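Following: one structure in structure tokens, then a few remarks.
Remember, predicted model here, so these are calculated numbers, not experimental data. Excluded from the calculations below are hydrogen atoms, water molecules and symmetry mates; all remaining heavy atoms, backbone and side chain alike, are included. By convention here, the first residue in the shown sequence is residue 1.
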Amino acid sequence: MIVTMLGFIGTGNMNGAILRGVLAAGTAPESIVITRLNAQAGRAQAGELGVRYVESNAELARSVGEGGIVIVGVKPNQMAGVLHELGNDAVGRVIVSVAAGTPISKLEAALPVGVAIVRVVPNVNSQIGAGMSALCGNACTTPEQLAAVRDIFEAIGLTTVLPEKDFPAFSAIAGASPAWTYTYIDALARGALAHGIKLDEARRIAAQAVLGSAQLVLDSLNTHTPAELRDQVTSPGGTTIAGLIAMEDSGFTPAVIDAVNAAIARDHEIASS
């Protein structure tokens, strides 16, 4: 349960998922303030969730008070403008950004000197409480402040604290990879379709197989590597090894690594633009 006053600037897909996650974790609705561009939608959402809606970003920062946490969930091209609106009302608060491709240096440039900033890269699975988020605080962020922000994102999945230089690689394997995984699941299902299983049922089977495999990896992190788990289900001369050989002949592993490299390269391009 989060006890610090929280503010959410923007409550769309990602910030909305975080908001619902902290409420589900037991955070008192009266400790949460929100604002969003569409005032009518903001008031309706506040009424639905029992939180408080305010009219402006600066008012929100004032409402959370000293020591409060403000999570800014706007598009990267809107971030500087929103932070400028906060101005001196950001002082004494922890400002959290979930904007993709927006480094801490750009966030600091738009805020008064000395403001604690935490950059967070969540992923789409946060919407169902199964996210993976990376966090990095600036030099003004205390360990206690970083821990408080981490508690928020633990309400919607797993977290890790990384140096900001590692964020592009994290974004590739956690942020972009769900789209690649959807493609893999769809490919599995279409392979089964070709052999007589109805497509909807094949998708359900493939998705559950991927879900269970991922959970087994997480449960076995201290005992087995993914390669060791693979070897446990690969019998000599069996169907699994036949499929693995076919996948590697088609370039499966190099294709995945190429995808990671391409995503990292594009992340660097966005950050420098």
Side-chain angles (χ1 to χ4, degrees), residues 10 12-18 21 71-80 96-108 117-138 149-150 153-154 156-191 203 206-207 209-211 213-218 221 225-227 229-230 244 247-273:
N13 289 337
M14 186 54 69
N15 250 18
I18 301 165
I71 303 176
V72 187
V74 300
K75 294 179 180 179
N77 63 353
Q78 300 172 318
M79 180 61 71
V96 179
S97 166
V98 295
T102 307
I104 288 173
S105 59
K106 287 188 177 181
L107 303 174
E108 288 178 326
I117 298 171
V118 179
R119 181 183 172 195
V120 183
V121 179
N123 76 356
V124 66
N125 298 327
S126 300
Q127 297 178 43
I128 59 168
M132 184 70 232
S133 301
L135 296 83
C136 181
N138 71 345
V149 175
R150 190 170 189 178
F153 286 84
E154 289 282 352
I156 55 168
L158 300 181
T159 66
T160 185
V161 175
L162 293 174
E164 192 177 28
K165 69 179 180 60
D166 292 338
F167 272 26
F170 174 87
S171 296
I173 66 170
S177 69
W180 309 338
T181 305
Y182 305 147
T183 302
Y184 172 60
I185 291 171
D186 188 64
L188 288 174
R190 293 185 182 278
R203 286 173 177 152
V210 171
L211 176 65
S213 300
Q215 188 61 58
L216 186 55
V217 169
L218 290 175
L221 284 177
T225 67
L229 293 173
R230 178 198 62 205
L244 281 170
M247 287 171 64
E248 293 302 334
D249 282 347
S250 296
F252 182 78
T253 297
V256 173
I257 295 172
D258 284 348
V260 172
N261 291 339
I264 292 172
R266 181 56 182 152
D267 188 283
H268 287 310
E269 290 174 3
I270 293 171
S272 62
S273 63

Search all heavy atoms of [X] against all heavy atoms of [Y] and return the closest pair with its distance.
| X | Y | answer |
| --- | --- | --- |
| Asp267 | Pro168 | OD1-CG, 3.5 Å |
| Thr102 | Lys106 | CG2-CB, 4.2 Å |
| Val124 | Tyr182 | CG1-OH, 3.6 Å |
| Ile156 | Ala17 | CG2-O, 3.5 Å |

Please determine whether side-chain contact (heavy atoms from CB on, under 4.5 Å) holds for the pair Leu162 and Cys136, giving the CA-CA distance in whole Å, both sets of side-chain angles, and the decisive distance to 0.1 Å.
CA-CA 6 Å; Leu162 293 174; Cys136 181; over 6 Å; no

Output all residues satisfying side chain to side chain contact (heavy atoms under 4.5 Å, CB included) with [X], sequence neighbours left out; order by chain, then residue number.
| X | answer |
| --- | --- |
| Leu229 | Leu216, Val217, Ser220, His224, Gln232 |
| Val74 | Ile9, Val72, Gln78, Met79, Val82 |
| Ile257 | Thr253, Asn261 |
| Thr225 | Ala227, Glu228 |

For residues 118-136, which residue pairs qualify under side chain to side chain donor-acceptor pair (under 3.5 Å), counting only residues two or more places apart or in two chains?
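Every side chain to side chain donor-acceptor pair (under 3.5 Å) pair that includes a residue of residues 118-136, provided the two are not neighbours, is Arg119-Glu164.
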
Pairs satisfying side chain to side chain donor-acceptor pair (under 3.5 Å), at least one member in residues 165-181, at least two apart:
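Residue pairs with at least one partner in residues 165-181: there are none.
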
Decide yes or no for Phe167 and Val120: does some side-chain heavy atom of the first lie under 4.5 Å from some side-chain heavy atom of the second?
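Not in contact.
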
Heavy-atom distance under 4.5 Å between the side chains of Met132 and Ile173, does that happen here?
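No, side chains not in contact.
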
Main-chain N/O of Ala99 paired to Ser97 side chain as donor or acceptor, under 3.5 Å
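The answer is yes, because a donor-acceptor pair under 3.5 Å joins these two groups.
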
Verify, without hydrogens or angle tests, whether Arg150 (side chain) and Leu135 (backbone) share a donor-acceptor contact under 3.5 angstrom.
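Such a contact is absent between Arg150 side chain and Leu135 backbone.
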
Partner residues of Asn138 under the side chain to side chain donor-acceptor pair (under 3.5 Å) criterion, sequence neighbours left out:
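Listed in chain order: Glu108, Thr141.
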
Just jot down the salt bridge (charged side-chain N to carboxylate O under 4.0 Å, His left out) partners of [X], sequence neighbours excluded, or say none.
| X | result |
| --- | --- |
| Arg266 | Glu269 |
| Asp186 | Arg190, Arg203 |
| Glu248 | none |

Here's a test for you: under side-chain contact (heavy atoms from CB on, under 4.5 Å), which of Ile18, Ile71, Ile117, Asn15 qualifies with Val96?
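When side-chain contact (heavy atoms from CB on, under 4.5 Å) is applied between Val96 and each of Ile18, Ile71, Ile117, Asn15, only Ile71 qualifies.
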
Mind running side-chain contact (heavy atoms from CB on, under 4.5 Å) on Phe170 and Thr160 for me, showing each step along the way?
CA-CA 10 Å; Phe170 174 87; Thr160 185; 4.1 Å; yes

